[in-house]
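Since the model is a prediction, treat every value here as computed from it, not as a measurement. Chain A is the first sequence line, chain B the second, and so forth, proteins listed ahead of strands; every chain is numbered from 1.
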2 protein chains.
Amino acid sequence: MVRTTRQRTAVAAVFDDLEGFHSAQEVHAKLRASGDSVGLSTVYRAVQALADDGELDSIRTDSGEALYRRCSTQHHHHLVCRGCGRTVEVAGPAVENWADRVAAEHCFADVSHTLEIFGTCAACRAAG
Amino acid sequence: MVRTTRQRTAVAAVFDDLEGFHSAQEVHAKLRASGDSVGLSTVYRAVQALADDGELDSIRTDSGEALYRRCSTQHHHHLVCRGCGRTVEVAGPAVENWADRVAAEHCFADVSHTLEIFGTCAACRAAG
DNA sequence: CCTGCATGTGAGAACCATTGTCAACAGGAG
DNA sequence: CTCCTGTTGACAATGGTTCTCACATGCAGG
Ligand SMILES: [Zn+2]
Ligand SMILES: [Zn+2]
Ligand SMILES: [Zn+2]
Ligand SMILES: [Zn+2]
């Protein structure tokens, strides 16, 4: 029996106003700053629950930190700016097929894949 | 001035006998078990140095742990078995081009990408 | 409306991979 | 062989994440 609490609602709401990927720590800080404070453990539990439900996508930093973002529900990948975090969802049917074909060639089953593209966006280049 | 030490040699040698990706902690344990013990900090420094030199590839676990493997030096991606860790290097020129094109379309520069495929190999399926 | 209670919360401790510290050590150039 | 400098490793510190558990609170069912 899953309950609707002020905390879970608040965490979900944070991602309404956010472009790009953000960590649980950042969400916690934003909530605290907005006066709508939520415990850190609860923020971790909430983002993980949202990610499990497919409400949030998650990726990992080079340093291993988990970042979350509200995305569309279809399968897609991300083009992420290293500077500002701005994120574009991209679809690549050809890539999906290629991955499945490669796996099949080597007799692998239950295939999944991760694919992210990183770069510097035009705005960040202009900003120097 | 980079020196050749027993420790660095030992760490590099561990990857000669290893298929698949392995963590610094695992390398440390293997060295200790083989009697050729090396300090944990030193193992971390060694694998990172090897990765910087392009001698090792690294990926990150779902839990954020860093894993290393000796790979060929050309650009490639990995098809990894979730069960046994067996890894196949795969090349996908079409994917490289697609990633660059997508990034260019959105005016992103300095583009890089990560792409890994996960599955279960035939041997692991047979083993149940 | 109440009440009961299973579920959710949060302050703080625990975890654990990784990194920093620094005194002792040991390649290797000269 | 010597000396200098890069290297090592026991240990402490970090930092993100998870666990603990006493307390609070949604939310059926009455
Ligand atoms: Zn997404
Ligand atoms: Zn940017
Ligand atoms: Zn590789
Ligand atoms: Zn396998």
Side-chain angles (χ1 to χ4, degrees), chain A residues 1-15 18 20-53 55-69 80 82 85 114 116, chain B residues 1-15 18 20-53 55-69 80 82 85 114 116:
Chain A
M1 173 88 235
V2 100
R3 283 179 198 171
T4 313
T5 64
R6 175 185 71 79
Q7 290 87 342
R8 293 213 245 256
T9 306
V11 169
V14 166
F15 288 95
L18 249 38
F21 282 86
H22 299 273
S23 68
Q25 306 262 2
E26 283 177 304
V27 172
H28 176 246
K30 276 180 205 300
L31 287 170
R32 168 165 300 198
S34 76
D36 198 13
S37 193
V38 172
L40 182 57
S41 305
T42 302
V43 173
Y44 272 101
R45 284 188 289 243
V47 293
Q48 277 161 14
L50 288 167
D52 286 349
D53 290 355
E55 290 264 328
L56 294 180
D57 265 19
S58 71
I59 59 177
R60 287 208 174 253
T61 293
D62 274 350
S63 67
E65 190 179 8
L67 305 181
Y68 301 86
R69 175 180 189 263
V80 183
R82 287 194 203 88
T114 66
E116 319 292 344
Chain B
M1 175 83 230
V2 144
R3 284 180 197 168
T4 312
T5 64
R6 174 185 71 79
Q7 290 87 342
R8 293 215 248 255
T9 307
V11 170
V14 167
F15 288 96
L18 250 37
F21 283 85
H22 298 272
S23 69
Q25 305 265 0
E26 283 177 303
V27 171
H28 177 247
K30 276 179 205 301
L31 286 170
R32 169 167 299 199
S34 77
D36 198 12
S37 192
V38 173
L40 183 56
S41 304
T42 302
V43 173
Y44 272 101
R45 286 187 291 243
V47 293
Q48 277 160 15
L50 288 167
D52 287 348
D53 290 354
E55 290 265 329
L56 294 180
D57 265 17
S58 69
I59 59 177
R60 285 205 176 257
T61 292
D62 274 349
S63 66
E65 190 178 8
L67 304 180
Y68 301 86
R69 174 179 188 265
V80 183
R82 288 194 202 87
T114 65
E116 317 293 344

(message) Without decimals, in angstroms, what is the distance between A:D62 CG and D:dG16 C1'?
(response) 16 Å
(request) Would you mind reading off the distance between A:E65 atom CD and C:dT18 atom P, rounded to a whole angstrom? (result) 15 Å
(message) Counting only side-chain nitrogens and oxygens, does A:R8 get under 4.0 Å of the OP1 or OP2 atom of C:dT9?
(response) yes
(request) Working to the nearest 0.5 Å, report the span between OG of B:S37 and CZ of B:R6. (result) 7.5 Å
(request) Measure from NE2 on A:H22 to C1' on D:dG16 and round the result to the nearest Å. (result) 18 Å
(request) In whole angstrom, give the distance that lies between atom CG of B:L67 and atom C1' of C:dC16. (result) 15 Å
(request) Measure the spacing between CD of B:Q48 and OH of B:Y68 and express it to the nearest 0.5 Å. (result) 5.0 Å
(message) Each nucleotide in nucleotides 19-30 of chain C should get exactly one letter: B, S or -. Can you fill that in based on protein heavy atoms under 4.0 Å?
(response) BBB----BBS--
(request) State the CG-NE2 distance between A:L40 and A:H28, to the nearest 0.5 angstrom. (result) 5.0 Å
(message) What's the separation between atom NZ in B:K30 and atom CZ in B:F15, rounded to the nearest 0.5 Å?
(response) 9.5 Å
(message) Nearest 0.5 angstrom please: A:T61 OG1 to B:R60 CZ, how far?
(response) 9.0 Å
(request) Using a cut-off of 6.0 Å, state whether more than 12 heavy atoms not belonging to B:R82 lie near its atom CZ. (result) yes
(message) Can you tell me if B:D62 has over 12 outside heavy atoms packed within less than 6.0 Å of its CG?
(response) no
(message) Whole angstroms only, please: what is the CG-P distance between A:L50 and C:dG8?
(response) 13 Å
(message) Expected output is a numbered-order residue list: members of residues 23-39 of chain A with a heavy atom under 4.0 Å from any atom of DNA chain D. What is it?
(response) A:Q25
(request) Report the residue from B:T5, B:V11, B:T9, B:T4 that forms a side chain to side chain contact (heavy atoms under 4.5 Å, CB included) with B:Q7. (result) B:T5
